[in-house]
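To start, the structure itself, in structure tokens.
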Amino acid sequence: MDYHPQELDRKWQQRWAASRAFEVTEDPSRPKFYCLEMFAYPSGHAHVGHVRNYIIGDVVARTKRMRGYNVLHPFGWDAFGLPAENAAIKGGLHPDVSTRSNIAHMKGQLQRLGISYAWERELATCDPEYYKWNQWLFIRMFEKGLAYRRRSSVNWCPSCNTVLANEQVVDGGCWRCGTPVETRDLEQWFFRITAYADELLGDTATLTRWPEKVLTMQRNWIGRSEGARVRFPLERKVEGAGAAADAIEVFTTRIDTIHGATFVLLGPEHPLVAAMAGQSPDPASFRRQAQAFRTQDRAARISGEIEKQGFDTGFRAINPFTDEPVPIWVANFVLGEYGTGAVMAVPAHDQRDFEFARKFNLPIRVVVTPDGRPLPAASLTEAAEAYGTLVDSGPYSGLGSAEAQARMTAAMRERGLAEATVQYRLKDWGISRQRYWGTPIPMIYCEKDGIVPVPDEQLPVVLPKVAQFSGRGDSPLAQVPEFVNVSCPTCGGAARRETDTMDTFVDSSWYFYRFADPRNDGMPFDPAKVKYWLPVDFYSGGVEHAILHLIYSRFFARVFRDLGLVDHSEPFAQLLTQGMVLKGGAVMSKSKGNVVDPDTMLQKYGADALRLYVMFVAPPEKEVEWNDAGLEGSFRFLARVWRLVDHWCETVGGEGVGSPDDCRELNPAERAVRRKAHDTIRRVTADIEERQQLNTAVSAMMELVNDLYAFSEQTVTGAPGRRADEDVDRAGVIERREAICVVREALEALVRMLSPFAPHTAEEIWERLGHAQPIAEAAWPAFNPEVAKAEEIVVPVQVNGKVRSRLTVPAEVSERELERLALADPAIQSYTSGKTVKKVVVARGRLVSLVVQ
RNA sequence: GCGGAAGUGGCGGAAUUGGCAGACGCGCUAGCCUCAGGAGCUAGUGGCCGCAAGGCCAUCGGGGUUCGAGUCCCCGCUUCCGCACCA
């Protein structure tokens with residue numbers, strides 16, 4: 001009987017579907033396990049890079065199921081997004097049509113791979129039944145002040161006359177037409193993620209089962225720094241600057257250096273800049289320079305080095321410690337969005353300020369030295385950024401930096417000029433998109449009542465079917481009058497809907513909760529169901545989501561928690577970031593034309609060979625280069641297992657073959673095979689469950705198969721696959737019942753361990769071995785540590801660090817006996833005779849090391 | 001520039017607690033089987049010396065700790081990733 005995997009794929013996929021094998025409900029009597037792979041953007045075709053992630057998750061899910069867990073393993077579609085809309089603009093299908101057909105195709109691909117999803121829980125974020133709850137949650141956040149509206153700058157393409165997302169700005173220009181991108185101020189909706197900044201940062205310490213790399217990236221992204229806000233009063237008021245007219249507030253982490261602050265720098269976006277321009281001798285030139293900095297910023301940042309530029313505003317501020325007036329400049333490297341958008345410049349102790357001062361001939365004053373002695377400013381070749389002892393700092397001279405910071409902040413605080421603060425790099429999350437294919441933001445603007453949420457009972461605000469996608473103008477929804485024009489829920493008067501849609505990262509920030517209760521039409525989910533299933537026990541996906549998706553999801557978990565819907569803070573207990581699959585050294589992509597299509601591989605080798613290969617080729621987190629020959633090797637292994645079973649099937653498959661435990665006595669070869677089988681169970685279990693080293697789990701099984709071949713070779717039947725000789729009658733020649741029991745035990749363990757990797761082949765073999773129940777419902781094999789233990793071990797003996805002999809000894813040999821045997825070994829004595837053994841180190845069960853002189 | 005990870009045969013990779021480096025697979029070589037082999041089975045396969053027994057060298061390079069280092073420490077090189085004027 002030859003191995004024809006394609007037939008097995010079909011047969012078992014149909015059976016699993018018919019028996020609803022992977023559908024689950026809450027069952028308090030069993031431990032639960034929530035296994036989740038990041039859901040997919042339905043681009044149309046999954047390539048083997050995507051598929052790797054689903055296979056990893058499936059191996060984990062299938063293993064956990066066999067180990068007695070109630071396993072939730074769902075899948076869904078991150079179905080809103082730009083590519084579908086852009087295709088429509090280019091004259092393609094409506095996003096709704098193309099998305100549905102892409103989903104259908106990709107779902108088929110996953111099903112052909114035999115991934116054990118609970119398909120009845122499938123969801124797509126473009127379904128109104130799903131995005132209704134985005135809107136519901138948005139309104140709850142609005143009520144709590146976590147969603148708010150303010151002006152902010154966005155990327156604007158003057159040629160296409162539209163807003164661009166950050167990722168659509170390529171080298172400072174529009175991705176479509178190349179026109180340099182401008183910044184524009186627009187009203188935008190924001191989520192107040194910064195309210196949770198400290199918590200999101202601090203709780204990274206609790207994520208012990210996340211990769212350190214991801215935690216580091218998140219910590220850096222949040223970017224907490226402690227310092228002080230200090231007010232530098234203006235020498236004279238700036239007309240037309242409103243409340244901010246009488247002082248510049250700066251943020252500094254080095255208030256200890258403030259006596260060396262010889263000028264103040266404003267970012268070009270700072271509100272005072274515009275006001276100062278109006279009062280300068282040449283307002284037009286002033287504005288032109290400031291505007292140049294703002295547009296330059298983005299383009300220059302890409303080229304890496306930005307030359308420091310600036311100009312004097314002509315205004316001066318008073319250093320609150322020295323009471324001296326210092327010039328105010330506008331500088332291109334001061335960021336408008338960070339801190340207060342203004343800094344005090346201390347050229348002696350900050351490298352950026354140092355370069356700026358040297359370039360524009362501004363004064364440099366040393367106020368911190370390593371030893372408390374003056375340091376001539378003229379001798380500096382770079383800024384002295386280290387902490388030290390203060391000098392030339394009035395009453396604070398002689399203090400250490402840390403103590404000075406505390407005292408100086410306190411002193412200024414009394415005068416109302418400073419305040420200790422914590423600053424974050426993390427900014428509030430702007431979620432408005434001037435796009436069609438996303439969740440409509442459920443807000444209404446009324447002249448009389450202002451911003452009014454759509455009442456809950458009117459949700460969802462359904463995305464209208466738009467016929468034309470021109471790609472021009474503002475949000476496509478604004479061009480649909482029957483969508484825009486609405487009556488105000490408060491006063492009933494004429495009002496206007498919000499026409500922006502939500503960032504698609506909103507959709508993906510909570511879908512893992514919805515899987516726990518995907519058809520609920522009264523709430524986003526039943527808290528009891530989420531309490532049973534969540535947090536996700538095992539989450540895997542690409543490292544490219546290390547910051548965005550994973551930080552947003554952590555934020556949403558806290559929002560749900562504070563709404564009383566969930567009782568945890570962290571949604572993902574364990575995170576695995578799987579490596580990409582490369583072809584020709586590059587990440588697979590349609591545009592590069594280097595995608596490997598799983599369906600082609602399936603037709604040739606079957607789903608199991610593909611699954612096995614992808615697991616065997618490298619540990620899951622590692623990047624791998626696709627290799628057809630390797631896939632063929634995995635196919636060969638499965639065929640080899642198949643032949644092995646074929647060879648033994650009649651002999652061991654019958655009734656009444658008992659356990660080796662009931663056999664009177666096993667011969668050495670039988671004991672060795674049995675030991676190997678039990679030790680393989682131990683290794684494979686640990687590799688999957690503890691180490692997540694799926695590649696070594698596969699190689700352990702390959703070793704067992706090799707040993708079973710060798711054992712078969714030793715019996716009179718010969719090795720499987722070798723053509724039966726005329727003089728050997730294959731069937732029935734094995735007279736040792738013990739051998740039959742041992743082989744049966746080994747095969748049954750092997751096929752169960754193999755089943756998460758190669759489920760179709762395993763099911764078929766299981767059935768051939770006489771089992772009526774599917775292997776997916778079988779229990780994971782157990783091992784007996786006593787049997788798994790080696791009876792005899794080989795212990796190397798080193799002389800002066802080199803292996804000179806090997807002793808074969810009983811496993812339980814004592815250290816003293818080992819030492820005696822080593823010294824008595826003839827091969828060793830040739831190295832020790834006539835010399836002194838100065839030291840003997842015995843690592844029991846491992847090695848003996850002699851130092852000889 | 002800063003931060004992180006990594007560097008092991010011809011290739012992918014293994015080495016679990018500091019204890020036999022190279023498991024397992026690919027590729028390659030030989031034998032068997034065969035009308036045939038790009039199938040299968042068996043054996044071999046880090047380099048150098050040697051008929052062999054055996055010896056020497058070997059985990060990016062250089063030092064160190066240790067009876068013993070791929071693994072720990074220091075210096076350097078290379079690659080990949082992340083951040084990149086965050087005051």
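All figures in this text were calculated on a predicted structure; none of them were measured in a lab. Every chain is numbered from 1 and lettered A, B, ... according to where its sequence line falls, protein lines coming before strand lines.
Of the side-chain N and O atoms in A:Ser225, one or more sit less than 4.0 angstrom from OP1 or OP2 of B:rA87. Proximity of A:Arg846 to the phosphate of B:rG68: no side-chain N or O atom is located under 4.0 Å from OP1 or OP2. Under 4.0 angstrom from either OP1 or OP2 of B:rC85 there lies no side-chain N or O belonging to A:Lys308. Of the side-chain N and O atoms in A:Gln351, none sit less than 4.0 angstrom from OP1 or OP2 of B:rG1. Here A:Arg682 does not reach the OP1 or OP2 of B:rU16: none of its side-chain N or O atoms lies under 4.0 Å away. Here A:Lys802 reaches the OP1 or OP2 of B:rC57: one of its side-chain N or O atoms lies under 4.0 Å away. Between A:Arg691 and B:rA15, a side-chain N or O to OP1/OP2 separation shorter than 4.0 Å is present. Between A:Tyr831 and B:rG55, a side-chain N or O to OP1/OP2 separation shorter than 4.0 Å is present. In terms of phosphate contacts, A:Arg425 brings a side-chain nitrogen or oxygen within less than 4.0 Å of OP1 or OP2 of B:rA84. At least one side-chain nitrogen or oxygen of A:Arg804 sits closer than 4.0 Å to the OP1 or OP2 atom of B:rG55. An OP1 or OP2 oxygen of B:rC41 is reached within less than 4.0 angstrom by a side-chain nitrogen or oxygen of A:Tyr709. Close to B:rC24, at under 4.0 Å from its OP1 or OP2, lies no side-chain N or O of A:Asn695.
A:Trp429 and A:Thr194 share no donor-acceptor pair across their side chains, judged by distance under 3.5 Å alone. For A:Arg425 and A:Asn220, the side-chain atoms include no donor-acceptor pair closer than 3.5 Å. Using modelled atom types, one finds a donor on one side chain and an acceptor on the other under 3.5 Å when comparing A:Tyr3 with A:Thr761.
Taking the side chain of A:Leu335 as heavy atoms from C-beta on, and the options B:rC20, B:rC86, B:rC67, the nearest nucleotide is B:rC86. Nearest nucleotide to the A:Lys839 side chain, out of B:rA15, B:rG13, B:rC67: B:rC67. Taking the side chain of A:Arg806 as heavy atoms from C-beta on, and the options B:rC67, B:rG12, B:rC20, the nearest nucleotide is B:rC20. For A:Tyr338, counting side-chain heavy atoms from C-beta on, the closest listed nucleotide (B:rA87, B:rC20, B:rA15) is B:rA87. Residue A:Arg352 has its side chain nearest to B:rA87 when only B:rG25, B:rA87, B:rG68 are considered. Relative to the side chain of A:Val841, the nucleotides B:rG25, B:rG19, B:rC81 differ in distance, and B:rG19 lies closest. In this structure, the nucleotide among B:rG12, B:rG3, B:rG13 sitting nearest to the side chain of A:Thr216 is B:rG3. For A:Arg640, taking side-chain heavy atoms from C-beta onward, the closest of the listed nucleotides B:rC41, B:rA15, B:rU16 is B:rC41. Nearest nucleotide to the A:Ala618 side chain, out of B:rG13, B:rA21, B:rC67: B:rG13.
Annotation: the span from A:Thr252 atom OG1 to A:Gln423 atom CD amounts to 11.5 Å, rounded to 0.5 Å.
Summarising the geometry, the separation between CZ on A:Arg224 and P on B:rC83 is reported as 22 Å, rounded to the nearest angstrom. The interatomic distance linking A:Leu215 (CG) with B:rG3 (P) rounds to 19 Å, in whole Å. Here the C1' atom of nucleotide B:rC80 and the CD atom of A:Glu544 are 16 Å apart, to the nearest Å. Taking atom CG of residue A:Leu818 and atom C1' of nucleotide B:rG19, one finds them 13 Å apart after rounding to whole Å. Rounded to whole angstrom, the span from the CE atom of A:Met615 across to the P atom of B:rG25 amounts to 18 Å. Rounded to whole Å, atom P of B:rA39 lies 18 Å from atom OH of A:Tyr3. The nearest whole Å value for the distance from the CD atom in A:Gln798 to the P atom in B:rG68 is 9 Å. Regarding A:Leu704, its CG atom lies at a distance of 12 Å from the P atom of B:rG25, rounded to whole Å.
Of the charged side-chain nitrogens involved, at least one lies within less than 4.0 Å of a carboxylate oxygen, so that A:Arg219 and A:Glu212 count as a salt-bridged pair. Using a cut-off of 4.0 Å between Lys/Arg side-chain N and Asp/Glu carboxylate O, A:Asp679 and A:Arg682 are scored as salt-bridged. No salt bridge links A:Glu419 with A:Arg229; every basic N to acidic carboxylate O contact stays at or beyond 4.0 Å.
Taking atom P on both B:rU71 and B:rC60, the two are 8 Å apart, rounded to the nearest angstrom. The gap from the C1' atom of B:rC73 to that of B:rU66 amounts to 12 Å, rounded to the nearest Å. Annotation: B:rA39 and B:rA52 have their C1' atoms spaced 37 Å apart (nearest Å). Between the C1' atoms of B:rA15 and B:rU78, the separation comes to 24 Å (whole Å). As rounded to the nearest Å, B:rA5 and B:rC32 have C1' atoms that lie 48 Å from one another. For B:rG7 and B:rG12, the P atoms lie 12 Å apart once the distance is rounded to whole Å. Comparing B:rU59 with B:rG54, their C1' atoms are spaced 24 Å from each other, to the whole Å. Atom C1' of B:rA58 sits at a distance of 10 Å from the matching atom of B:rG9, rounded to the whole Å.
The base-pairing partner of B:rA36, taking Watson-Crick or G-U wobble contacts with both distances under 3.5 Å, does not exist among the strands shown. Base-pair partner of B:rU65: not found among the strands shown (Watson-Crick or G-U wobble, both distances under 3.5 Å). Judged by Watson-Crick or G-U wobble contacts below 3.5 Å, the nucleotide B:rG9 has no partner. Checking B:rG1 for Watson-Crick or G-U wobble geometry (two distances, each under 3.5 Å) identifies B:rC83 as its partner. Look at B:rU42: its Watson-Crick or wobble partner, with both distances under 3.5 angstrom, is B:rA30. Shown here, B:rA15 forms no base pair; nothing in the strands shown gives a Watson-Crick or G-U wobble contact with both key distances under 3.5 Å.
Both A:Val795 and A:Ala700 lie close to RNA chain B; mapped to their nearest nucleotides by heavy-atom distance, the more 5′-ward contact belongs to A:Val795. The nearest heavy atom of RNA chain B to A:Asn220 and to A:Val343 marks one nucleotide each, and the one closer to the 5' end goes with A:Asn220.
A:Asp687 comes within 4.0 angstrom of no nucleic acid atom, judged by non-hydrogen atoms across all strands. Residue-level contact check: A:Glu703 touches the backbone only, with heavy atoms under 4.0 Å from sugar-phosphate atoms and none from bases. Using a 4.0 Å heavy-atom distance criterion, A:Val543 is classed as making no nucleic acid contact. In this structure, A:Lys622 reaches the sugar-phosphate backbone alone: every heavy-atom distance under 4.0 Å involves primed, P, OP1 or OP2 atoms, never a base. Counting any heavy atom pair closer than 4.0 Å across all strands shown, A:Val334 reaches a base atom.
Anti is the conformation of B:rG27, whose glycosidic angle sits further than 90° from 0.
Looking only at distances, a side-chain donor or acceptor of A:Ser401 sits under 3.5 Å from a matching main-chain atom of A:Gly388.
Atom NZ of A:Lys359 is surrounded by more than 12 heavy atoms from other residues, nucleotides or ligands within 6.0 Å.
Stacking of A:Lys308 on the aromatic ring of A:Phe356 is not recorded, the 6.0 Å distance cut-off and the 45° axial limit not both being met.
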